[in-house]
Asks: 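Handing you this structure, nothing more for now.
All chains are named by letter (A, B, ...) in the order of the sequence lines, taking the proteins before the strands, and each is independently numbered beginning at 1. Just so it is clear, the model here is predicted, and its values are computed rather than measured.
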There are 2 protein chains.
Amino acid sequence: MDARDRLIEATRELLWDRGYVGTSPRDILARAGVGQGSMYHHFRGKADLAAAALRRNADEMRASGETVFADGTGVLDRLVAYLTRRRPALRGCRIGRMSEDPDVLADPRLRAPVEETLGWYRERVADLLAEGQASGELTTGFAPRQVAATVVAVVQGGYVLAKAAQSAEPFDDAIAGAVALLTALRTEEEHA
Amino acid sequence: MDARDRLIEATRELLWDRGYVGTSPRDILARAGVGQGSMYHHFRGKADLAAAALRRNADEMRASGETVFADGTGVLDRLVAYLTRRRPALRGCRIGRMSEDPDVLADPRLRAPVEETLGWYRERVADLLAEGQASGELTTGFAPRQVAATVVAVVQGGYVLAKAAQSAEPFDDAIAGAVALLTALRTEEEHA
DNA sequence: GTCTATACAATGATAGAC
DNA sequence: GTCTATCATTGTATAGAC
């Protein structure tokens with residue numbers, strides 16, 4: 001792994017744990033094990049490096065979503081697979097965490113990966129729900145876009161609860177509750 | 001409003017918008033319109049002042065919860081009232097926001113108000129759901145504690161989505177979706 | 001490309017005048 | 001109680017050697 005890559009990886013870890021304002025170039029250099037010259041050679045500054053790190057986070061998270069939402073089983077099964085995927089409850093979401101950082105929101109280069117990724121997840125879940133309604137697997141008594149936002153919000157909010165409690169339990173509860181609520185959307189025929 | 005109070009109020013606003021690491025004593029003094037001597041007379045330092053501010057946030061949020069969860073109508077009506085309460089989607093939750101700040105989580109005096117408040121909301125919602133099951137208003141096919149975590153998580157996660165999108169729409173969607181999902185928990189008799 | 005040295009503002013706190 | 005120095009440390013960036 002070359003210096004540029006080490007810098008990006010170190011930044012990804014620090015952004016995850018401490019956010020953008022909480023992460024200093026000094027911290028990044030120490031963790032990456034490179035000098036300042038290296039960083040300012042490859043990047044224009046902290047924001048530029050953070051943008052590269054967030055772009056990588058977005059790519060990774062998107063790829064992971066593509067996998068879990070892929071065809072193969074019923075719609076509800078895929079949604080449950082998404083919800084119950086193993087997650088680091090106490091560490092939170094690499095992308096979602098950034099929305100709490102005003103400096104990130106203020107910089108279009110930093111906000112774009114965040115907005116795009118969460119927007120994509122909402123859309124993707126909405127598509128799945130609509131597909132389930134069309135196929136008769138799910139009831140038609142709800143708006144896919146709304147419930148999709150609910151589903152994605154549960155995951156993000158679950159992290160908040162887990163961090164506040166310093167325990168994974170509220171996260172697991174929130175996910176389990178969401179699964180129970182979604183399961184209730186099955187049509188009667190499918191119950192059989 | 002005396003200097004001490006002005007300091008607390010200024011801190012509450014800054015913590016809300018910029019978090020703990022993003023808020024400096026300098027910012028606080030400027031907004032409160034007092035000098036440094038005043039702050040270090042009334043408080044031992046930044047952490048002590050922040051603790052006072054978060055305590056006030058917790059008290060306020062708890063009181064607001066007591067009101068909306070109070071008796072008077074059906075359980076579902078109260079839950080919907082809680083979910084659809086007018087909220088500043090783009091600004092987020094004064095308490096929930098703090099869970100993303102590692103320095104807050106690391107300091108017991110700062111974390112306590114956050115943990116207590118969100119824990120109290122989860123418990124309160126769980127009690128309501130159990131009450132609804134006991135009275136026959138809600139189905140018994142779910143675990144109150146789990147769905148309660150889901151409900152509270154939707155609000156917290158809705159803020160994340162709204163900030164990421166810089167739009168209240170995903171927040172409103174998440175809430176509306178949650179209302180739709182909860183409404184499906186009504187027993188058949190109640191539908192009439 | 002990477003390092004060290006340097007610069008300069010901001011952070012968080014202390015000391016002492018009034 | 002409040003104000004104005006003052007201070008050590010950190011944050012972010014630049015300059016120039018190698």
Side-chain angles (χ1 to χ4, degrees), chain A residues 1-56 97-98 100-111, chain B residues 1-56 97-98 100-111:
Chain A
M1 201 160 59
D2 62 357
R4 189 190 139 87
D5 226 60
R6 294 170 61 83
L7 283 164
I8 293 181
E9 286 304 315
T11 305
R12 293 208 318 147
E13 293 300 298
L14 288 167
L15 286 182
W16 196 8
D17 288 333
R18 308 204 34 88
Y20 184 72
V21 283
T23 297
S24 73
R26 185 186 286 248
D27 297 337
I28 294 170
L29 298 176
R31 178 180 271 260
V34 304
Q36 271 185 311
S38 203
M39 164 175 161
Y40 284 99
H41 172 75
H42 292 290
F43 303 95
R44 300 183 51 184
K46 174 183 170 178
D48 191 39
L49 172 49
L54 290 183
R55 180 53 60 191
R56 189 172 289 186
R97 197 222 179 287
M98 298 297 115
E100 301 294 346
D101 223 310
D103 290 0
V104 168
L105 298 183
D107 183 337
R109 294 239 316 162
L110 297 177
R111 187 168 71 87
Chain B
M1 200 160 59
D2 62 357
R4 187 190 141 87
D5 226 60
R6 295 171 59 84
L7 283 164
I8 292 180
E9 286 304 315
T11 304
R12 294 209 316 146
E13 293 301 297
L14 288 167
L15 287 181
W16 196 8
D17 287 333
R18 308 203 34 89
Y20 184 72
V21 282
T23 298
S24 72
R26 182 185 290 247
D27 296 338
I28 295 170
L29 299 176
R31 178 179 272 259
V34 305
Q36 269 185 313
S38 203
M39 163 174 163
Y40 284 100
H41 170 75
H42 292 290
F43 303 95
R44 301 182 53 184
K46 174 182 170 178
D48 192 39
L49 172 50
L54 291 183
R55 181 52 62 191
R56 189 172 288 185
R97 196 222 180 288
M98 297 296 115
E100 301 294 346
D101 224 309
D103 290 0
V104 169
L105 299 183
D107 184 336
R109 295 238 316 159
L110 297 178
R111 188 167 71 88

Asks: Between dT12(D), dT2(D), dT14(C), which one does the side chain of Gln36(A) approach most closely?
Replies: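 Within the option list, the nearest is dT12(D).
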Asks: Please give, in whole Å, the distance from dT4(D) P to Tyr40(B) OH?
Replies: 16 Å
Asks: Between Thr11(A) (side chain) and Ala53(A) (backbone), is there a donor-acceptor pair under 3.5 Å?
Replies: no
Asks: How many angstroms lie between atom CD of Glu13(A) and atom CG of Asp27(A), to the nearest 0.5 angstrom?
Replies: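 Going from CD on Glu13(A) over to CG on Asp27(A), the span is 13.5 Å.
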Asks: Looking at residues at least two apart in the chain, or sitting in another chain, which of them share a side-chain contact (heavy atoms from CB on, under 4.5 Å) with Asp5(A)?
Replies: Met1(A), Asp2(A), Arg56(A)
Asks: Do Asp103(A) and Arg18(B) make a side-chain contact, defined as non-hydrogen atoms from C-beta onward lying under 4.5 Å apart?
Replies: yes
Asks: Take the protein atom NZ of Lys46(A) and the nucleotide atom C1' of dA9(C), then report the distance between them rounded to whole Å.
Replies: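 Taking atom C1' of dA9(C) as the reference, NZ of Lys46(A) is at 15 Å.
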Asks: Kindly say if Arg26(A) contacts the phosphate of dT10(D), meaning a side-chain N or O under 4.0 Å from OP1 or OP2.
Replies: no
Asks: Starting from C1' on dG1(D), measure out to CZ on Arg4(B) and report it in whole angstrom.
Replies: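 Atom-to-atom, Arg4(B) to dG1(D), this comes out as 14 Å.
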Asks: Tell me which residues in residues 10-24 of chain B put a heavy atom below 4.0 Å from DNA chain C, sorted by number, or none.
Replies: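 Within residues 10-24 of chain B, the residues near DNA chain C are Thr23(B), Ser24(B).
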Asks: Starting from P on dG1(C), measure out to CG on Asp5(A) and report it in whole angstrom.
Replies: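 In whole Å, dG1(C) P and Asp5(A) CG are 15 Å from each other.
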Asks: With each end axis built from five pairs of C1' atoms, what bend angle do you get for the helix from dG1(C)-dC18(D) to dC18(C)-dG1(D)? Round to 10°.
Replies: 0°
Asks: To the nearest Å, give me how far apart CZ (Arg6(A)) and C1' (dG1(C)) are.
Replies: 14 Å
Asks: Kindly compute the distance separating CE (Met39(B)) from CD1 (Ile28(B)), expressed to the nearest 0.5 Å.
Replies: 5.5 Å
Asks: What nucleotide among dT14(D), dG1(D), dA10(C) has an atom nearest to a side-chain atom of His41(B)?
Replies: dG1(D)
Asks: Do Val104(B) and Val21(B) have side chains that approach each other closer than 4.5 Å (heavy atoms only, starting at C-beta)?
Replies: no
Asks: Starting at atom CG of Leu29(B), determine the distance to atom C1' of dA13(C), rounded to an integer number of angstrom.
Replies: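 From Leu29(B) CG to dA13(C) C1': 12 Å.
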Asks: Leu7(B) has an atom CG; how far is it from atom P of dA13(C), in whole Å?
Replies: 14 Å
Asks: Write down the distance between CZ (Phe43(B)) and P (dG1(D)), rounded to a whole number of angstrom.
Replies: 13 Å
Asks: Would you indicate which nucleotide in dT12(D), dG1(C), dT2(D) comes nearest to any side-chain atom of His42(B)?
Replies: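 Nucleotide nearest to His42(B)'s side chain: dT2(D).
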Asks: Taking the side chain as everything from C-beta on, heavy atoms only, tell me whether Met98(B) gets closer than 4.5 Å to Leu110(B).
Replies: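 No. Closest side-chain heavy atoms not under 4.5 Å.
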Asks: Quick one: CG on Asp101(A) to CG on Asp107(A), what's the gap to the nearest 0.5 Å?
Replies: 11.0 Å
Asks: Are Glu9(A) and Arg6(A) within salt-bridge range, i.e. N to O under 4.0 Å?
Replies: no
